[in-house]
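Reviewing the structure listed below.
Order of appearance sets the numbers: ligands from 1, and atoms from 1 within every ligand.
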Amino acid sequence: MIGIFGGTFNPVHNGHLQLAKQALERLALDQVHFLPCANPVHRGAPQVSNQDRLNMIRLSIANEGQFSVNTLELDRGGASFMIDTLREVREQYPHESISLMLGADAFNGLLSWRQPTKILNLAHLIVCQRPQVRLNKDIFNERWVQSAEDLQREKFGHVLPLAIKQSSCSSTEIREQLSVSKSVISCLPKSVLEYIVNNHLYET
Ligand code: ATP
């Protein structure tokens with residue numbers, strides 16, 4: 001069972017890592033692919049390079065054997081549509097169960113994505129809570145299941161809300177903090193903070 005974790009990761013933070021670790025354990029995933037987007041569809045381009053975002057993800061998962069980076073969207077370039085990405089992942093893994101992992105804020109915006117219903121023909125959705133976000137349970141409500149066992153019967157097509165230990169980390173807040181001071185930022189892995197400082201990222 002493969003977990004796909006898409007995002008801008010600008011920068012990757014402990015909330016991302018916590019989500020991925022808990023999903024890996026609770027759903028007994030074999031692997032989690034961190035999949036940074038090239039150009040996010042719903043917001044402006046990140047102010048750091050793709051290579052920097054990629055490097056920071058690599059540093060953050062260096063000691064996690066079941067985590068890897070998937071550069072499919074960066075290699076494709078242009079606007080990153082998850083439906084195109086999942087089609088490619090499905091071609092690569094035709095017989096595996098695939099789960100797209102996302103936070104409640106991202107899930108709530110899902111109907112504005114390209115071909116949202118077709119996404120469920122390719123993958124399950126694992127929706128993790130995020131502080132201050134009320135999950136919209138009306139989206140795909142006929143597809144919801146309540147347990148990891150329910151998910152395991154099929155290779156795609158269900159939505160599982162996953163109660164995880166919540167983290168208030170957010171890339172936006174981290175970028176704001178970094179533009180003011182480089183002092184300890186508790187949401188960042190040490191190696192990522194060092195990379196940011198050494199490469200003068202997010203200084204303005
Ligand atoms: P930004 O603040 O710039 O929007 P972000 O912190 O939401 O960034 P993204 O890279 O956009 O980070 O998020 C990738 C995925 O991780 C999304 O599905 C998002 O909902 C989820 N996510 C990010 N942070 C958390 C968190 N603290 N708890 C749960 N999910 C999270």
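Within the listing of ligand 1, atoms 14 (C), 15 (C) sit less than 4.0 angstrom from a heavy atom of Gly6. Every atom of ligand 1 is numbered from 1 in the order shown, and the set under 4.0 Å from a heavy atom of Asp105 is 19 (C), 20 (O). Under a 4.0 Å criterion applied to the non-hydrogen atoms of Arg175, ligand 1 contributes the atoms 3 (O). Each of the following atoms of ligand 1 lies closer than 4.0 Å to a heavy atom of Leu102: 18 (O). Below 4.0 Å from some heavy atom of Ser170 lie the following atoms of ligand 1, by number and element: 2 (O), 6 (O). Every atom of ligand 1 is numbered from 1 in the order shown, and the set under 4.0 Å from a heavy atom of Ser171 is 1 (P), 2 (O), 3 (O), 5 (P), 6 (O), 8 (O), 12 (O).
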(message) salt bridge (charged side-chain N to carboxylate O under 4.0 Å, His left out), that's the test. Do Lys190 and Glu194 meet it? Break it down for me.
(response) CA-CA 6 Å; Lys190 193 165 166 280; Glu194 274 169 16; 3.2 Å; yes
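No more than 12 heavy-atom neighbours from other residues, nucleotides or ligands sit within 6.0 angstrom of CG on Asn63.
Checked by atom type and distance alone, the side chain of Asp30 never pairs as donor or acceptor with a backbone atom of Ile2 at under 3.5 Å.
Remark: distances from the non-hydrogen atoms of Glu173 to ligand 1 are all 4.0 Å or more. The shortest separation from a heavy atom of Phe5 to ligand 1 is under 4.0 Å, placing the residue in contact.
Of all protein heavy atoms, the one closest to atom 26 (C) of ligand 1 is Arg130 NE, 3.4 Å.
Side chains of Lys137 and Trp144 form a contact here, defined as non-hydrogen atoms less than 4.5 Å apart. Inter-residue side-chain proximity for Asn14 and Ser167 is flagged as unmet; no heavy-atom pair is nearer than 4.5 Å.
The pair Arg76-Glu88 counts as a salt bridge, with a side-chain nitrogen and a carboxylate oxygen less than 4.0 angstrom apart.
Between His16 and ligand 1, at least one pair of N/O atoms sits closer than 3.5 Å. Between Phe9 and ligand 1, at least one pair of N/O atoms sits closer than 3.5 Å. Backbone and side-chain nitrogen or oxygen atoms of Gly7 are examined, and none is located within less than 3.5 angstrom of a nitrogen or oxygen of ligand 1. For Ser168, no nitrogen or oxygen atom sits less than 3.5 Å from a nitrogen or oxygen atom of ligand 1, counting backbone and side chain alike.
Ring orientation note: the planes of Phe5 and Phe34 are nearly perpendicular, at an angle over 60° on the 30°/60° scale.
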